[in-house]
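Everything on this sheet refers to the single structure shown next.
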Amino acid sequence: DMARRIKEERSANNFSGNYWAVRYGRWLTNRNFEINQSWGLPIENGQYRTENFYNVNRSQLSLTYGLQRRFFRFGLIDMSVNLNYRGRNLVRQQIEFPNGDTRVIPNQRPDLEALKVSYQTENQEGLWFIDTKLQFGMALADFKKRNKTSLCDVLQCYENQSQMWKIGWPGLSLGLRTQNLAGFIGYEQKLLHSPFSLNGYAVYRLNNQVNKNAFLSDINTNMLLRGESSSFLFNYDVSLQARYYFLMQRRIKQGKSGNHLSGFYAGTNARVGGSNYIFKATFPNQNIHSEVAKSGFLGVAPMIGFQQKLFKHGVIDVGYTFYRSTGRTHDLRNQLFVSDFTIRTSFAF
């Protein structure tokens, strides 16, 4: 829509706007997983494992709808939604030891040069999925001098604002066998007309995956069995912050700012979070394997940060917290020292 926007004098010829794109890429990683002394060899039941399987991405074709925006002279932000097709290979690695001796000898490493390694590649069914991307960067495009953009046109300097919803651009990947969703939602409320506010964030991540090529070592035959597995992971992190924008009153008196929710702040950050993980696997002539794991943490500490409104519906929030929290994994409790530095860019309403 660039030509129309230029005609309506709402845009310049500057690579800012909504776009369609086709993207193709190939993975340049080594198809053969070479044995490396520093990695070591897989060991099971006192024997070196002679057969291994690896899933390898081959190529990806994407159809993209995106929004690219320039801000100031060198700033760039690019948000996109993509329909992807990913080609994959299954690589089977077979290792042959001299004289067939696969025993693990303590304090003695096998001679890697004496091993014979062969690979077989099997094409897997391709994956269709939809995902989102968010990219920031510098746009090194036109170095000619031009009329300066008003700083306050971007930063909304004189806006008066008492409350704000903050919704992060979601990290999304939806396929038939894998589904990922990550993001956050926040809300901030100013206390009357003071420089104090209450701010809350709820951060989430969900991952659900079905693997048609899961492998299990059979203790009796020392061979790998192929089966299916499924896993589900849910992470959450909820924080409540009391903020004090300590430069706001001075900037208002100087006529440089409105009574809004932008600027440097200090305060207290209380956080609670955790994760739930469920794993199940089914193999021929084997019992169903399952695993459930839970963990959590709780912490309160001082924090410092900077928040700035961008354009009409954008905000960036940078914060730093260092604290000792109480963690819990299964039936174990421990003290965790957490250094938390976050950069959150979101839509503001």
Side-chain angles (χ1 to χ4, degrees), residues 1-2 5 11 14-27 57 59-86 127-141 149 153-156 164-175 178-188 199-209 233-239 241 261-262 273 275 305-321 340-349:
D1 60 354
M2 182 178 291
R5 292 177 61 86
S11 177
N14 62 356
F15 294 107
S16 285
N18 303 351
Y19 66 87
W20 289 99
V22 176
R23 183 173 65 249
Y24 177 78
R26 293 188 65 88
W27 273 262
N57 292 323
S59 62
Q60 183 168 307
L61 179 66
S62 305
L63 176 63
T64 297
Y65 178 75
L67 297 81
Q68 181 168 278
R69 296 292 185 270
R70 296 278 302 276
F71 54 94
F72 299 123
R73 189 174 179 184
F74 296 115
L76 176 71
I77 182 172
D78 189 346
M79 299 177 290
S80 62
V81 179
N82 312 276
L83 174 63
N84 310 285
Y85 177 79
R86 179 177 296 174
L127 293 178
W128 285 97
F129 64 99
I130 297 173
D131 69 355
T132 60
K133 294 185 183 299
L134 176 62
Q135 301 176 102
F136 301 92
M138 294 182 63
L140 304 179
T149 301
D153 288 345
V154 177
L155 301 184
Q156 303 292 301
M164 179 165 52
W165 285 96
K166 293 175 276 191
I167 302 175
W169 180 254
L172 175 68
S173 179
L174 295 178
T178 303
Q179 299 86 40
N180 291 287
L181 177 61
F184 66 88
I185 183 171
Y187 178 75
E188 186 169 3
N199 180 76
Y201 279 117
V203 183
Y204 57 88
R205 179 191 172 200
L206 296 94
N207 175 269
N208 185 63
Q209 185 172 12
L233 174 67
F234 173 59
N235 287 341
Y236 65 93
D237 185 342
V238 179
S239 63
Q241 304 166 0
L261 295 169
S262 292
S275 65
F306 175 78
Q307 180 169 272
Q308 181 61 59
K309 188 79 179 293
L310 300 174
F311 300 106
K312 186 178 180 180
H313 292 299
V315 65
I316 182 169
D317 188 1
V318 181
Y320 177 76
T321 308
D340 183 28
F341 178 75
T342 59
I343 301 177
R344 294 190 175 102
T345 302
S346 54
F347 296 100
F349 302 96

Check: Lys166 and Gln307 side chains under 4.5 Å, non-hydrogen atoms: yes
Evaluation steps, side chain to side chain contact (heavy atoms under 4.5 Å, CB included), between Tyr24 and Leu61: CA-CA 5 Å; Tyr24 177 78; Leu61 179 66; 4.2 Å; yes
Straight-line distance of Leu83 CG to Leu174 CG, nearest 0.5 Å: 11.0 Å
Exercise: identify the closest heavy-atom pair between Ser80 and Trp169: O-CZ2, 3.7 Å
4.5 Å side-chain heavy-atom contact, Met79 and Tyr65: no
Criterion ring-ring contact (aromatic ring centres under 6.0 Å, His included) against Trp165, the qualifying member of Tyr187, Phe349, Phe184: Tyr187
Trp20 backbone acceptor or donor facing Thr64 side chain under 3.5 Å: no
4.5 Å side-chain heavy-atom contact, Tyr85 and Trp128: yes
Within-4.5 Å side-chain heavy-atom neighbours: Leu134 and Phe136: yes
Trp27 and Gln60, any side-chain heavy atoms less than 4.5 Å apart: yes
Val238 and Val203, any side-chain heavy atoms less than 4.5 Å apart: no
Step-by-step side chain to side chain contact (heavy atoms under 4.5 Å, CB included) determination, Asn180 to Leu172: CA-CA 6 Å; Asn180 291 287; Leu172 175 68; over 6 Å; no
Backbone of Lys309 reached by a side-chain donor or acceptor of Ser262 within 3.5 Å: yes
No-hydrogen, no-angle side-chain donor-acceptor test under 3.5 Å, Asn18 and Arg69: yes
Pairs touching residues 75-84 that satisfy salt bridge (charged side-chain N to carboxylate O under 4.0 Å, His left out), sequence neighbours left out: none
Stepwise side chain to side chain contact (heavy atoms under 4.5 Å, CB included) check, Val315 with Leu310: CA-CA 5 Å; Val315 65; Leu310 300 174; over 6 Å; no
Any side-chain donor near an acceptor of the partner, Gln241 and Glu188, under 3.5 Å: no
More than 12 heavy atoms from other groups under 6.0 Å of CZ on Arg5: yes
Intermediate values then yes/no, side chain to side chain contact (heavy atoms under 4.5 Å, CB included), Asp131 and Asn84: CA-CA 8 Å; Asp131 69 355; Asn84 310 285; 3.0 Å; yes
Shortest non-hydrogen contact from Asn235 toward Ser275: OD1-CB, 2.7 Å
Reported CG-to-OG1 distance for the pair Asp317 and Thr345, which is rounded to 0.5 angstrom: 9.0 Å
Ala139 to Gly75 - nearest heavy-atom pair and separation: CB-O, 4.2 Å
Full working for side-chain hydrogen bond (donor to acceptor under 3.5 Å, both in side chains) between Asn82 and Ser62: CA-CA 6 Å; Asn82 312 276; Ser62 305; 5.5 Å; no
Smallest separation among heavy atoms of Ile167 and Ser346, with atom names: O-CB, 3.2 Å
Tyr19 vs Asp1 side-chain heavy atoms within contact, under 4.5 Å: no
His313 side-chain N/O to Ala348 backbone N/O, donor-acceptor pair under 3.5 Å: yes
Aromatic Tyr201 / basic Arg344 pairing, under 6.0 angstrom, 45° off normal: yes
Euclidean distance, Gln68 CD relative to Ser16 OG, rounded to 0.5 Å: 6.5 Å
